[in-house]
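Here's the structure, in structure tokens; my notes come after.
Only this structure's heavy atoms are used, side chains among them; waters, hydrogens and symmetry mates stay out.
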There are 2 protein chains.
Amino acid sequence: MSLPKVLRVSKSGRESYHHGDLEAALVDAAIELVRKTGPGHLSLRAVAEQVGVSPSAVYHYFPDKDALVSHVGDKLFVDLADMQREALAKIPGKSARAARLRYRELGRTYFRWAYKEPNLFRLMFGGFCKIEKEGLHIEDEAFQMLTQCLDDLLATGLISPEMRQYGELISWSSVQGASNLIVEGHLPPDVFESLLDGLELAMIGRKK
Amino acid sequence: MSLPKVLRVSKSGRESYHHGDLEAALVDAAIELVRKTGPGHLSLRAVAEQVGVSPSAVYHYFPDKDALVSHVGDKLFVDLADMQREALAKIPGKSARAARLRYRELGRTYFRWAYKEPNLFRLMFGGFCKIEKEGLHIEDEAFQMLTQCLDDLLATGLISPEMRQYGELISWSSVQGASNLIVEGHLPPDVFESLLDGLELAMIGRKK
DNA sequence: CCATAATCTGAACACTATTCAGATTCCGAC
DNA sequence: GTCGGAATCTGAATAGTGTTCAGATTATGG
């Protein structure tokens, strides 16, 4: 009995009094608006209007505007992890060369995401979405991919066990920091490739 | 004829119709409020009220709220550079040991700043203050101190010339990134010292 | 000392988040 | 099927926001 509710018509102007999947629609609309306006200038009313719903309807799914923004952040982290997985899938193989390329591509994908959508990147890492989980958890899926990459580098002998233990920390921090600094205009975009060069030099030890 | 205007009394309720140094007072009040509320929830009216002035008075010094926030950012960058300079001044000397301690302390000061005042840190690097300058400039004073530190490490033979050329980029990026990730709850605070260890291992090459 | 410029106020406008009583629609039990 | 309760959404209202502008107040140079 779950026909596509979009097709039904009711007394109210819209296709259906109920929306179908309002929660997801609100998050998607919010993403679109944050992309343009930035996370600080997002309007709850504009989100509702974009979806074709009254502002108060939002409060049936989110306790307040901040909660909506927070859920937007959750979705963005999933999207980023998806991109990373796709990028890695294009460079299979157990060779040292493949491992190194994967490592670089992981950082590049991260930066490309940030540089293409500065406002979404700001939302993710600018204190707009509350992390309620505790411990080392990090953003689990993306972190696991990085761990795998580093394990591959270790297995092929490209990094030392001593260096390996700092792998996630240095990699994630420097890629995150460089992306942040470039997005905010403190560094020019072209230095990111240099960062990857320097990171390889630091971790692996020899210039290619 | 520039007596302290605070002492004078006029027809209006306040001590003086004119304020004296309203621009600086507004920036200071804004910093105080951002510290508590976060850069996104700063209220122009609250800033004016804190200073004891009407909201419209703000517009004689800043074209809009964003401009005020931007000037807050400028001041914070100066404050941070001051802290870094003070930290470096406590570790003089041309020895390799001193150079290494200075390098670490530079990063630590940066992180301490971020961790003590998350909301101010977010304002500085969250897209709230516009960088209008162009080129490599970076935040000039702090960057110069980092350059000096790295030159000292090079002079004492602790880093190779090959590594030296990536020094500013890797150092600033990773310290910025780690601070950001820790402040936003993606990493626990105690990993920052590990980052410094890893950074030394990567740049200098030997574990102390 | 006065005219002019600088500074600040008060009221207004359009917009915002949030609340809540009530209208509308869905869904399961009979 | 249909009836009643639950879920969903609306409309109006409240309090607070950034911003503008005419005019009141104060400082300052000639």
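The nearest whole Å value for the distance from the CG atom in A/L26 to the P atom in D/dT8 is 13 Å. When the C1' atom of C/dT9 is taken as reference, atom CG of B/L22 falls 13 Å away, rounded to whole Å. Atom OH in B/Y59 sits roughly 21 Å away from atom P in C/dA6 (whole-Å rounding). The separation between A/E23 atom CD and D/dC9 atom C1' is 15 Å, rounded to whole Å. Computed from coordinates, the B/E49 CD to D/dA15 C1' distance equals 14 Å when rounded to whole Å. For the pair A/L68 CG and C/dA17 P, the interatomic distance rounds to 10 Å; values are reported in whole Å. Rounding to whole angstrom units, NE2 of residue A/H41 and P of C/dA17 are separated by 12 Å.
Of all the residues in residues 31-40 of chain A, not one reaches under 4.0 Å from DNA chain C with any non-hydrogen atom.
Using a 4.0 Å cut-off, some side-chain N or O of A/Y61 falls inside it from OP1 or OP2 of D/dC9.
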I'd like to compare against my own output: the B/S/- annotation of nucleotides 11-16 of chain C with a strict under-4.0 Å heavy-atom distance to protein. -B---S

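Within 6.0 Å of CD on B/E32 lie more than 12 heavy atoms contributed by other residues, nucleotides or ligands.
The side chain of A/A57 lies closest to D/dT10 when the candidates are C/dT9, D/dT10, C/dT19. Taking only side-chain atoms of A/V53, from C-beta outward, the nucleotide of D/dT20, D/dT10, D/dT8 with the closest atom is D/dT10.
Judged purely by atom type and a 3.5 angstrom limit, A/K130 has no side-chain atom pairing as donor or acceptor with the backbone of A/A67.
If you run side chain to side chain contact (heavy atoms under 4.5 Å, CB included) between A/L44 and each of A/L33, A/D64, A/L68, A/V69, only A/L68 comes through. Residue B/F192 is tested with B/W113, B/Y115, B/F111 for a ring pair (Phe, Tyr, Trp, His ring centres under 6.0 Å); the sole match is B/F111.
Annotation: side chain of B/L80 is in contact with side chain of B/Q84 (closest heavy-atom distance under 4.5 Å). Taking the side chain as every heavy atom from C-beta outward, A/N119 and A/M124 never approach each other to under 4.5 Å.
When each of B/H60 and B/P63 is assigned the nucleotide of DNA chain D with its nearest heavy atom, B/P63 is the one assigned upstream, toward the 5' end.
Using a 4.0 Å cut-off between charged nitrogen and carboxylate oxygen, B/R108 and B/E105 count as a salt-bridge pair.
A distance of 12.0 Å separates OG1 in A/T147 from CG in A/L154, rounded to the nearest 0.5 Å.
In this structure, the ring-ring contact (aromatic ring centres under 6.0 Å, His included) partners of A/F125, at least two apart in sequence or on a different chain, are A/F77, A/F121, B/H186.
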